[in-house]
There are 2 protein chains.
Amino acid sequence: MSQRKITINEVAAAAGVSVSTVSLVLSGKGRISEATCVRVNQAIESLGYVRNRSAAMLRGGGSGVVGLIVRDVCQPFYAEMTAGLTEELATQGKVLFLTQSGARGEHLQRCFDSLLAQGVEGIVLGGGADNAGDLVMKARDAEIPLICASRASALEEVDAIRPDNAAAARLATEYLIKRGHRRIAWLGGSGTSLTRAERIGGYCTSLLQYGLPFRPDWIIECGSHQRDAAALTSELLHQHPAISAILCHNASVALGCYFGVLRSGRTVGPKAMDSYYNQQTALVGFGDVPGAELTDPPLTFIHSAARRVGRQAALHLVQRLDNPTLAPRNLIIPPVLIERESA
Amino acid sequence: MSQRKITINEVAAAAGVSVSTVSLVLSGKGRISEATCVRVNQAIESLGYVRNRSAAMLRGGGSGVVGLIVRDVCQPFYAEMTAGLTEELATQGKVLFLTQSGARGEHLQRCFDSLLAQGVEGIVLGGGADNAGDLVMKARDAEIPLICASRASALEEVDAIRPDNAAAARLATEYLIKRGHRRIAWLGGSGTSLTRAERIGGYCTSLLQYGLPFRPDWIIECGSHQRDAAALTSELLHQHPAISAILCHNASVALGCYFGVLRSGRTVGPKAMDSYYNQQTALVGFGDVPGAELTDPPLTFIHSAARRVGRQAALHLVQRLDNPTLAPRNLIIPPVLIERESA
DNA sequence: ATGAAAGCGCTAACAG
DNA sequence: CTGTTAGCGCTTTCAT
């Protein structure tokens, strides 16, 4: 059916113009007359020509390609972020290289180098940016923008887009306080998690702001195992029966916590203002994917807007591409409260 | 620090050889003497040279790039599949373009074309392959392999890797039958889902194979809303109290079902052989992500090995690249039973 | 407003 | 075993 490979030359011939004219039409740069423009486009259409980006970029045009490095696309936050990035990039006429640096970021350098070799116009670093200082230099050398789009703060002197973890926790905490809670505990996350640290900072801020005491023993470290979360919840409620609300660091913890509450002979839900003895325990969780509706009653939770982080990263990168001399900026994406029935 | 852009020429000069020698060393093709090889590599190292794939592919070398089209990377199966694909591709020295065709596959053509323009060596189609017949032709024209890696059967005459949905359902059903269940219901999925159809086929097969009746009214359609799943479960158990086990089409349904069982005054767990009256209801779910441990007791479930699907797709594609004339093959990835405590 | 021509960095013959 | 050379398809001055 179609020829082996249609080149710009054949298009030019078919349209009765020269290659440069076709090129100009393609990139919309030169001032080409309406008529020629139409003729060329017709030729392109009828021949089924597809422009060879490699050749284009070799000669100097942009490659239209952006690289992404994440540890593993399956991590909910990064999956969501990747989706947003890909979507937005597509509307900008660009495509995305996906690379995975591995669970502990062990392939970070390899990923970076292969992206460089592919001639990407820019690189988005999603998480695993710990020992990535040299990437910043490499990127500068290669003169391509590097931007971070991760869950928590990262590199210095680099554009960064990330969710506002502190604000997320403040949002959750204030929400609870305003609904009458004065004893709010924190469950979940590991002590080494930066995201968690930022969130707990926000939680602490709101507590103090409203004159509530900050009780370190109400902050429970816990892996993402339902069983553990449930057990720790029971224990917590047993030791501190006055606790009326719990913030849960992620969805699985929230679920475990939910069971822990039930197992303690309480129910999950908003504070019952009239009851003297507090049977009802409120739960608010943090989450990366929208629409998770894990329990019954469904959980009120704070959504980190990961997809928006991705979108913004794309937008930001495009800006950077246009104007490489801009000062590094930090863009913080506000959290979204999904109000349901658990608090 | 480093030069603007190191080319093969500079490497050649530094190593005191010609460009072609360098090129040969790079691709490991020609028979270059050990000594020169080392010299060249040293030069590459010290100059920080990175090979320009665009130029390479323009001239004829492979681009080392593979394209992927999924509807949305966030769908658990496809996220997992993408991760596997990316991993395996990386070990093969290739990289991946990620494109999203949108919730209803509306950008399918656009994705395909942009991948083509980027000069990919092959394309993996993950889901949304419904009205994709013309892609097969386009791919043939462009002489690049197209392979499907999706949740259920898809295109004809195309290499395909997918999970064995029927086997998954048989595995689950037999597992239950062997543990004494004779009345097994099915909950979840939409009537238009091919994956579901394949699974229900397997469920049916096992039922008949063991001489158990196939009861259409024990097969309940249900969206992925916990609430609905819970309500439908209660109703089902109310109308057919003899049902002792339920297969759940996905994780959210399983969770809803779990609550439905509890709400019906039963508990979740394996069949209690000695009790006359069947209080305990067994649950087995189907899932794409490993390690989901949603309830307490944790759910026994059938894992679709999505990551393996991705890995195999990569391997398969590489094979295809080496030998384009192979007959189309269907590769079916067996499910994995994750035994926990709900059945 | 359009065309001619000079490469971008690399690979693949073909010579030596 | 290694060097020379001719492009791959495209963009981009510089003329016209």
Side-chain angles (χ1 to χ4, degrees), chain A residues 2-41 43-44 47-65 114 116-121 142-143, chain B residues 2-41 43-44 47-65 114 116-121 142-143:
Chain A
S2 72
Q3 295 300 324
R4 221 21 173 62
K5 205 87 196 194
I6 309 291
T7 80
I8 198 177
N9 290 288
E10 285 138 88
V11 176
V17 296
S18 80
V19 286
S20 41
T21 307
V22 177
S23 176
L24 291 221
V25 171
L26 250 36
S27 50
K29 281 190 176 169
R31 40 290 104 133
I32 302 292
S33 71
E34 194 64 36
T36 351
C37 207
V38 171
R39 273 221 317 287
V40 170
N41 279 319
I44 288 179
L47 290 174
Y49 164 80
V50 295
R51 179 205 219 145
N52 181 332
R53 304 297 295 223
S54 306
M57 91 138 295
L58 179 54
R59 190 54 183 92
S63 59
V65 179
S114 77
L116 235 48
Q118 298 292 348
V120 296
E121 292 180 331
E143 294 186 313
Chain B
S2 72
Q3 294 302 323
R4 229 5 182 69
K5 206 87 195 197
I6 309 291
T7 81
I8 198 178
N9 290 288
E10 285 141 86
V11 175
V17 296
S18 79
V19 287
S20 45
T21 307
V22 178
S23 176
L24 292 213
V25 171
L26 250 35
S27 51
K29 281 189 176 170
R31 35 298 98 133
I32 303 291
S33 71
E34 195 65 33
T36 354
C37 207
V38 171
R39 274 222 315 290
V40 170
N41 280 319
I44 288 179
L47 291 174
Y49 164 78
V50 295
R51 179 205 217 148
N52 181 333
R53 303 297 296 223
S54 305
M57 90 137 295
L58 180 56
R59 191 54 185 89
S63 59
V65 178
S114 78
L116 233 49
Q118 299 291 348
V120 296
E121 291 180 332
E143 293 184 314

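Because the structure is a prediction, the values reported are computed rather than measured.
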Every protein N/O lying under 3.5 Å from an N/O of nucleotides 5-9 of chain D:
residue: D:dG7; atom: N2; partner: B:Arg59; partner atom: NE; Å: 2.4
residue: D:dG7; atom: N3; partner: B:Arg59; partner atom: NE; Å: 3.1
residue: D:dC8; atom: O2; partner: B:Arg59; partner atom: N; Å: 3.3
residue: D:dG9; atom: N2; partner: A:Ala55; partner atom: O; Å: 3.3

Member of A:Leu24, A:Val25, A:Thr36 meeting the side chain to side chain contact (heavy atoms under 4.5 Å, CB included) criterion with A:Val17: A:Thr36
Sugar-phosphate, base or nothing in reach of A:Ser27, heavy atoms under 4.0 Å: nothing
Separation of C:dC10 P from A:Met57 CE (nearest whole Å): 11 Å
Euclidean distance, atom CD1 of residue A:Ile32 to atom C1' of C:dG3 [Å, nearest integer]: 10 Å
Sugar-phosphate, base or nothing in reach of A:Val17, heavy atoms under 4.0 Å: sugar-phosphate
Sugar-phosphate only, base, or nothing, as touched by A:Ser23 at under 4.0 Å among non-hydrogen atoms: base
Nearest heavy atoms of B:Val22 and B:Ile8, plus distance in Å: CG1-CG1, 3.4 Å
Axis-to-axis angle between the two ends of the helix from C:dA1-D:dT16 to C:dG16-D:dC1 (five base pairs per end, rounded to 10 degrees): 30°
Nearest heavy atoms of A:Ala14 and A:Leu47, plus distance in Å: CB-CD1, 3.9 Å
Gap between atom OG of B:Ser54 and atom CZ of A:Arg53 - 0.5 Å precision: 10.5 Å
Heavy-atom closest pair, residues A:Ala117 and B:Arg51: CB-O, 3.2 Å
B:Arg39 side chain vs B:Ala15 backbone, donor-acceptor pair below 3.5 Å: yes
Short side-chain donor-acceptor distance under 3.5 Å, A:Ser18 and A:Thr21: yes
Closest non-hydrogen atom pair, B:Tyr49 against B:Ile6: CD1-O, 3.4 Å
Euclidean distance, atom CG of residue B:Leu24 to atom P of C:dG9 [Å, nearest integer]: 20 Å
Residue whose closest nucleotide on DNA chain C lies nearer the 5' end, B:Leu26 versus A:Thr21: A:Thr21
